[in-house]
There are 2 protein chains.
Amino acid sequence: MNKSEGLSEQAGNETSDLSKARLRAWLQILKVSRKIEGELREKMRTEFDTTLPRFDVLAALYRERDGMRMSELSKSLMVSNGNVTGIVDRLVAEGLIVRMPVENDRRASIVRLTPAGEKDFAERALVHESWVSELFDDLSSSDADALIRILRNISHHNEAPHHD
Amino acid sequence: MNKSEGLSEQAGNETSDLSKARLRAWLQILKVSRKIEGELREKMRTEFDTTLPRFDVLAALYRERDGMRMSELSKSLMVSNGNVTGIVDRLVAEGLIVRMPVENDRRASIVRLTPAGEKDFAERALVHESWVSELFDDLSSSDADALIRILRNISHHNEAPHHD
DNA sequence: TGAAAATATTTCAAACCTAAAATATTTGTG
DNA sequence: CACAAATATTTTAGGTTTGAAATATTTTCA
C-alpha cells in the first residue's frame with residue numbers, strides 16, 4: 001500500500017514528480033514498442049508473407065527444440081491460451097509445426113517444429129535480427145546495456161508471483 | 001545498408017555483438033510492454049469496466065480539449081484509421097465523446113469529449129497514474145530519466161519521414 | 001473406490017487491429 | 001467548367017486477442 005516514498009508526498013491525491021516521470025517512461029516504452037512492432041509487422045508481411053504472432057511462436061519453439069506444451073507456449077509469449085490455439089492451428093496447417101500427444105497425459109499436447117519449420121525459421125531469424133538492428137541503429141552498445149538492465153529490473157519486479 | 005560499424009564485422013551474414021545486444025534490448029522492451037499492458041488492461045476491466053484502447057482515445061482527447069480529427073487521432077495513437085472508427089463508435093454510444101462536423105469540409109469530422117467524458121477521464125487519470133507508478137515501483141528517478149532519453153532517441157530515429 | 005477439485009486445452013462471443021477497397025468530398029489543372 | 005488527383009473517413013475481410021465457458025482428463029482425498 002505504501003509506496004516506500006519516505007514522506008507524505010503521496011498523501012491526498014496529488015501525484016509526485018517521480019510518479020509523473022514513471023508515467024512518461026511508460027508512455028515512451030509504449031510508443032517505441034508500437035512503432036517497432038508496426039515496422040516489423042510490415043516487414044513480416046511484405047518480405048516473409050507471414051505475421052508477427054506466427055513468427056513469435058516459431059521463435060519460441062526454436063529455442064525449445066524438443067517442443068513445448070500449449071500452456072508453456074502461452075506463458076512464454078504472455079498471451080492467452082485460446083490465442084495460442086488459433087495461431088498453432090494455422091502453423092500446423094502450413095506444415096511448420098506439429099502437435100504430438102504427451103505420454104500419460106491425454107489432456108495435454110506438445111507442439112514442436114517440423115524440419116520444414118526449423119529450416120524456415122533459421123533462415124528468417126538472421127534477417128529478422130538485421131531488421132531489428134537497423135531499427136535500433138541509433139542505439140549504442142552502452143545504451144543497449146543500460147536499457148536491458150533497467151527493463152530487467154522492471155520485469156523482475158512484476159514477475160508473476162508463483163502459486164503454491 | 002552500412003551499419004556504421006567501422007570494419008567489415010557485418011560482412012557475410014554472421015551477426016555482430018551489437019546487433020545481438022540490440023535484439024536483446026528489443027525483446028526486453030516487448031516483454032515489459034506486454035506485461036505492463038496486461039496488468040493495466042486487467043485493472044481497466046475490473047476497476048473501471050472499460051478497455052485500454054478506449055482509455056487511450058479519451059486520454060488523447062483530454063490533451064486536445066478542442067477535439068481532434070479521426071486522422072489526427074489515429075496518427076497520435078499509431079493505429080489504423082479503421083481501428084479508430086470502431087473505438088470511437090463505441091465511445092459515442094457510451095456518451096463519452098461526440099462527432100462534430102467540420103466547417104467547410106464535409107469529409108472530415110472532429111471528435112471531442114462530452115462533459116461526461118471529461119469528468120470520467122479526469123477522475124480515472126489520477127488512478128491510472130498511480131497504477132503505473134506502482135508497476136514501476138523499482139524504477140528510480142535517474143533510471144526513469146535514462147530510460148526516457150534512450151527511448152526518445154530510438155523513436156526520433158524511426159520518426160515517419162514526412163511527405164512533402 | 002468415487003466424487004470433487006485441479007489441470008490442459010479448445011470453443012465462443014466480443015472487441016481490437018490491419019490493409020485494402022469503397023465512398024464521399026475537396027482541390028488542382030487544363 | 002470538367003474531371004483527374006488528392007484527402008478523410010468508413011467498410012470489409014481476415015487475423016489476433018481476451019476472458020469466460022465448455023470439454024476432457026488427471027489428481028486428490030474422504
Side-chain angles (χ1 to χ4, degrees), chain A residues 30 33-35 37-58 67-94 97 99-111 162-164, chain B residues 30 33-35 37-57 67-94 99-111 162-164:
Chain A
L30 207 51
S33 175
R34 283 196 188 168
K35 171 66 83 177
E37 210 161 347
E39 302 280 355
L40 290 177
R41 180 186 4 265
E42 185 176 349
K43 287 282 198 185
M44 286 285 163
R45 186 174 52 82
T46 60
E47 316 261 316
F48 287 167
D49 190 33
T50 188
T51 66
L52 217 36
R54 280 159 160 92
F55 186 83
D56 288 344
V57 166
L58 296 183
M68 299 170 83
R69 290 178 174 220
M70 295 297 285
S71 47
E72 292 176 312
L73 208 40
S74 70
K75 186 178 298 185
S76 151
L77 301 173
M78 292 195 290
V79 299
S80 67
N81 263 333
N83 186 1
V84 173
T85 296
I87 296 166
V88 163
D89 285 349
R90 290 177 200 109
L91 287 172
V92 168
E94 292 171 17
I97 66 180
R99 264 187 253 246
M100 299 181 319
V102 173
E103 286 274 310
N104 298 328
D105 192 343
R106 291 189 298 173
R107 295 169 302 180
S109 63
I110 283 187
V111 179
H162 45 176
H163 309 280
D164 358 46
Chain B
L30 206 51
S33 175
R34 283 196 187 167
K35 171 66 82 177
E37 209 161 349
E39 301 280 355
L40 290 178
R41 179 183 7 262
E42 185 176 348
K43 287 282 199 184
M44 286 285 164
R45 184 174 51 81
T46 59
E47 316 262 316
F48 287 168
D49 191 31
T50 188
T51 66
L52 217 36
R54 282 159 158 93
F55 187 82
D56 289 344
V57 166
M68 300 170 83
R69 290 177 173 224
M70 293 298 285
S71 47
E72 293 176 310
L73 208 40
S74 70
K75 186 178 299 185
S76 150
L77 301 173
M78 291 194 292
V79 298
S80 67
N81 263 333
N83 187 2
V84 174
T85 297
I87 297 167
V88 163
D89 285 349
R90 287 171 205 115
L91 286 171
V92 167
E94 292 173 17
R99 263 187 253 246
M100 298 182 320
V102 173
E103 286 273 309
N104 298 328
D105 192 344
R106 291 188 299 173
R107 294 168 303 179
S109 62
I110 282 187
V111 179
H162 45 178
H163 308 281
D164 2 43

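Just so you know, these numbers use all the heavy atoms, side chains as well, and skip hydrogens, waters and symmetry mates. Below, chain A is the first sequence line, B the second, and so on; all start at residue 1. Owing to the predicted nature of the structure, the values given are computational and were not obtained by experimental measurement.
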Taking five pairs at each terminus, the helix from dT1(C)-dA30(D) to dG30(C)-dC1(D) shows an axis bend, to 10°, of 0°
Is there a side-chain contact (heavy atoms from CB on, under 4.5 Å) between R90(A) and V57(A) once you walk through the steps? CA-CA 11 Å; R90(A) 290 177 200 109; V57(A) 166; over 6 Å; no
*asked:* Working note: M44(B) + T51(B), criterion side-chain contact (heavy atoms from CB on, under 4.5 Å); need CA distance, chi angles, decisive distance, verdict.
replied: CA-CA 6 Å; M44(B) 286 285 164; T51(B) 66; 5.9 Å; no
note: M44(B), atom CE; dT18(D), atom C1'; distance rounded to Å ~ 16 Å
Looking for any heavy atom pair under 4.0 Å, which part of the strands does S71(A) touch: base, sugar-phosphate only, or nothing?
sugar-phosphate
Rounded to whole Å, CZ of R34(A) lies from P of dC17(C) at a distance of 7 Å
Separation of dC17(C) atom C1' from D56(B) atom CG, nearest Å, is 13 Å
Can you find a side chain N or O atom of R45(A) that sits less than 4.0 Å from OP1 or OP2 on dA20(C)?
yes
Assign each of N104(A) and M78(A) the nucleotide of DNA chain D bearing its closest heavy atom; nearer the 5' end lies the nucleotide of M78(A)
The nucleotide from dA8(D), dT26(D), dG19(D) with an atom nearest the side chain of A108(B) is dA8(D)
In short, E37(B) meets L52(B) closest at the heavy-atom pair CG-CD2, 3.4 Å
Return the polar atom pairs (N/O with N/O) between nucleotides 10-16 of chain D and the protein under 3.5 Å, or none.
from: dT10(D); atom 1: OP1; to: R99(B); atom 2: NH1; distance (Å): 2.7
from: dT10(D); atom 1: OP2; to: T85(B); atom 2: OG1; distance (Å): 2.9
from: dG15(D); atom 1: O3'; to: R54(A); atom 2: NH1; distance (Å): 3.3
from: dT16(D); atom 1: OP1; to: T51(A); atom 2: OG1; distance (Å): 2.8
from: dT16(D); atom 1: OP1; to: R54(A); atom 2: NH1; distance (Å): 2.9
from: dT16(D); atom 1: OP2; to: R54(A); atom 2: NH1; distance (Å): 3.4
from: dT16(D); atom 1: OP2; to: R90(A); atom 2: NH1; distance (Å): 2.3

Heavy-atom nearest nucleotide on DNA chain C taken for D105(B) and for I110(A); more 5' hit belongs to I110(A)
Residues 39-54 of chain B vs salt bridge (charged side-chain N to carboxylate O under 4.0 Å, His left out), sequence neighbours excluded, gives R54(B)-E94(B)
E37(A) atom CD is separated from dT18(C) atom C1', nearest whole Å, by 13 Å
Contacts of G38(A) and R107(A) projected onto DNA chain C by closest heavy atom; the upstream (5') one is R107(A)
ask   = Between R34(B) (side chain) and L77(A) (backbone), is there a donor-acceptor pair under 3.5 Å?
value = yes
